[in-house]
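Notes for the one structure printed next.
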Amino acid sequence: MAFARTIFGDVDPSTLGVVDCHDHLIRVGAGEVYIDGDHQLDSVEKAIEEGGYFAEASKKWSPNGGTVVDMCPINCGRDLNKLAEVTKAVDGLQVIAATGFHREHVYLETQSHWINRYDVDKVAELVIADIREGIDKNDYSGPIVERTPYKAGVIKVGTAYGKITKFERKCMEAAAIAAIETGCPINTHTTYGTCGLEQAEGFLELGVPANQIAIGHIQRNADVYYLEQILKLGVYLEIDGTNRIKYQPDSNRMMELKAFYEDGFADRILLGTDSGKRGYQKAYGATSGVDYNPAVDGPRMVDEGFDREYIEKLLMKNAQEFFTFKKEG
């Protein structure tokens, strides 16, 4: 039986509703917060409010509401007990949690990090345990591991700007081992849209099936020719970064989405918002938030004359297929 893995168990993928393929509801500390305190998302109350906005906007597209893929990976401030509390409190909200790794930069000093100390198979075992047994209560931040009942349903991997470091390459190798063993999908972080092609080629060379790979944040490189070279490999592209006018207008994302439809890639495009800062969330006073895809992008695509079936693929159906595990149990 086909399933997607949420923190409260395996579900029929069609019940995920609208899927925000890359976002953040809870982050309680770690490197990103040290670098920029705006990344601190430790309030359950605020996360419930933000998740509520998303669920309500999603219900306009699906009776099932929606699913947030919380892309906070290993040792980056995960708190699954808080995330579960948020999910329980919001009607029409499901959550898929991440395992895997961020780019090396957010781990600060990495010479002594356990990823460098352990061999790649041991690192992969920890990822697999997050998926099959339950995510560590302590986020693999110390020597004591206490499993929660909440399992990961996606593997994250991040790479640097314009390069893939030795540390990141090892993370890719561990993620590939875990993905092949479990059938869990991989959704990546690219820095400013660089190294997307290299990520896709690298995972394919490591034996990960193309339909288990999504290259994320890639809209930051608004070069349709380049993006379609990645799509031609058979992988997915995950388009997020909504309402980031300091980088580029939303019209660039709309342009990319139109081009992908016209060029025959409608089935392999995913949407997210990556509203992973207080300054990006309504609950903390921002004008846009986690609900942006169903609340703003969907209506805009209707106004701009997008094919209705394509809109539903972007908001729901493509992600429901992508987050389906490629192995049983």
Side-chain angles (χ1 to χ4, degrees), residues 5 21-24 26-35 39 69-80 83 96-136 138-142 145 151-161 163-182 184-192 194-196 198-200 202-203 205-208 212-218 238 240 272 274 276:
R5 181 154 291 168
C21 297
H22 187 130
D23 228 310
H24 301 274
I26 290 290
R27 188 191 290 109
V28 299
E32 281 187 293
V33 173
Y34 179 84
I35 294 166
H39 283 97
V69 183
D70 192 292
M71 288 291 288
C72 194
I74 287 172
N75 201 202
C76 286
R78 294 183 299 179
D79 188 320
L80 268 293
L83 196 56
I96 291 173
T99 184
F101 317 94
H102 214 313
R103 57 178 293 202
E104 182 174 8
H105 173 72
V106 307
Y107 294 107
L108 307 177
E109 195 288 311
T110 55
Q111 293 177 79
S112 62
H113 197 285
W114 56 262
I115 289 173
N116 272 329
R117 292 175 180 267
Y118 299 169
D119 66 39
V120 69
D121 289 327
K122 179 61 68 174
V123 176
E125 285 177 14
L126 291 170
V127 177
I128 292 167
D130 267 357
I131 297 165
R132 288 185 167 166
E133 299 175 30
I135 293 171
D136 175 31
N138 304 304
D139 194 23
Y140 289 151
S141 296
V145 173
K151 299 176 183 178
V154 65
I155 302 167
K156 180 174 180 174
V157 172
T159 57
Y161 177 68
K163 64 180 179 180
I164 300 176
T165 70
K166 181 179 179 181
F167 179 97
E168 292 161 356
R169 183 71 64 180
K170 186 175 185 179
C171 291
M172 287 182 65
E173 292 172 2
I177 292 168
I180 292 166
E181 170 66 22
T182 64
C184 185
I186 295 173
N187 192 13
T188 77
H189 163 104
T190 62
T191 300
Y192 302 122
T194 64
C195 297
E198 290 78 8
Q199 285 183 356
F203 280 124
E205 289 171 4
L206 290 165
V208 182
Q212 271 179 253
I213 304 164
I215 306 301
H217 303 331
I218 198 67
E238 191 255 303
D240 55 61
D274 191 26

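- Aromatic rings from F167 and Y107 are positioned such that their centres are separated by under 6.0 Å.
- A distance-only check finds no donor-acceptor pair linking the side chain of D130 to the backbone of K151 [under 3.5 Å].
- T165 is not listed as a side-chain neighbour of R103, based on a closest heavy-atom distance of 4.5 Å or more.
- Of the charged side-chain nitrogens involved, at least one lies within less than 4.0 Å of a carboxylate oxygen, so that K122 and E125 count as a salt-bridged pair.
- Remark: side-chain polar atoms of N138 are not paired, donor with acceptor, to backbone N or O of Y140 under 3.5 angstrom.
- Atom NE2 of residue H102 and atom NE2 of residue H189 lie 5.0 Å apart, to the nearest 0.5 angstrom.
- Taking each heavy atom of L126 and W114 in turn, the nearest pair found is CD1-CZ3, 3.6 Å.
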*asked:* Run the side chain to side chain contact (heavy atoms under 4.5 Å, CB included) test on V157 and Q199 for me, step by step, so that the C-alpha distance in whole Å, both residues' side-chain angles and the decisive distance to 0.1 Å come before the verdict.
replied: CA-CA 9 Å; V157 172; Q199 285 183 356; 5.6 Å; no
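- Within the 4.5 Å cutoff, no side-chain heavy atoms of I186 are placed close to those of V154.
- With hydrogens and angles ignored, the 3.5 Å screen pairs no side-chain donor or acceptor of D139 with any backbone N or O of I74.
- At distances below 3.5 Å, not a single donor-acceptor pair connects side-chain atoms of T110 with backbone N or O atoms of H113.
- For the atom pair I115 CD1 and C171 SG, the distance stands at 4.0 Å (nearest 0.5 Å).
- The distance from atom CG of D274 to atom NE2 of H24, rounded to the nearest 0.5 Å, is 4.5 Å.
- D240 and H217 share a side-chain donor-acceptor pair at under 3.5 Å.
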- Going through the distances and angles, do F203 and M172 end up as a side chain to side chain contact (heavy atoms under 4.5 Å, CB included)? CA-CA 7 Å; F203 280 124; M172 287 182 65; 3.9 Å; yes
Run the numbers on I215 and T190 for side chain to side chain contact (heavy atoms under 4.5 Å, CB included), then give the verdict. CA-CA 7 Å; I215 306 301; T190 62; 3.8 Å; yes
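- Within 6.0 Å of CD in Q111 there are 12 or fewer heavy atoms belonging to other residues, nucleotides or ligands.
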Check your understanding: Can you list the steps and then say if R169 with E104 is a salt bridge (charged side-chain N to carboxylate O under 4.0 Å, His left out)?
Key -> CA-CA 10 Å; R169 183 71 64 180; E104 182 174 8; over 6 Å; no
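- Rounding to the nearest 0.5 Å places CD1 of I135 at 4.0 Å from CG of L80.
- Nearest heavy atom pair, residue A152 against residue A98, reads CB-C, 4.0 Å.
- In this structure, the side chain of R27 does not engage the main chain of C72 through any donor-acceptor pair within 3.5 Å.
- The shortest heavy-atom contact between K163 and E168 is O-OE1, 3.8 Å.
- With R5 contributing its side chain and R132 its backbone, the two residues share no donor-acceptor pair below 3.5 Å.
- A distance of 7.5 Å separates CD1 in I177 from CD1 in I128, rounded to the nearest 0.5 Å.
- To the nearest 0.5 Å, atom CE of residue M71 and atom CD1 of residue I155 are 10.0 Å apart.
- Here the shortest heavy-atom pairing between G276 and D23 reads N-OD1, 4.2 Å.
- With E173 contributing its side chain and V120 its backbone, the two residues share no donor-acceptor pair below 3.5 Å.
- What you find for G77 and A30 is that their closest heavy atoms are N-CB, 3.6 Å.
- The two atoms that bring V208 and A179 nearest to each other are CG1-CB, 4.4 Å, heavy atoms only.
- Looking at I35 and L108, their side chains come closer than 4.5 Å, going by heavy atoms from C-beta outward.
- With hydrogens and angles disregarded, no donor-acceptor distance shorter than 3.5 Å links the side chain of E238 to the backbone of I218.
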- Task: Under the side chain to side chain contact (heavy atoms under 4.5 Å, CB included) rule, what do T188 and T159 come out as? Steps first, then yes or no, please.
- Result: CA-CA 8 Å; T188 77; T159 57; over 6 Å; no
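- Contact annotation: the side chain of V106 never approaches that of Y34 to less than 4.5 Å [non-hydrogen atoms, C-beta and beyond].
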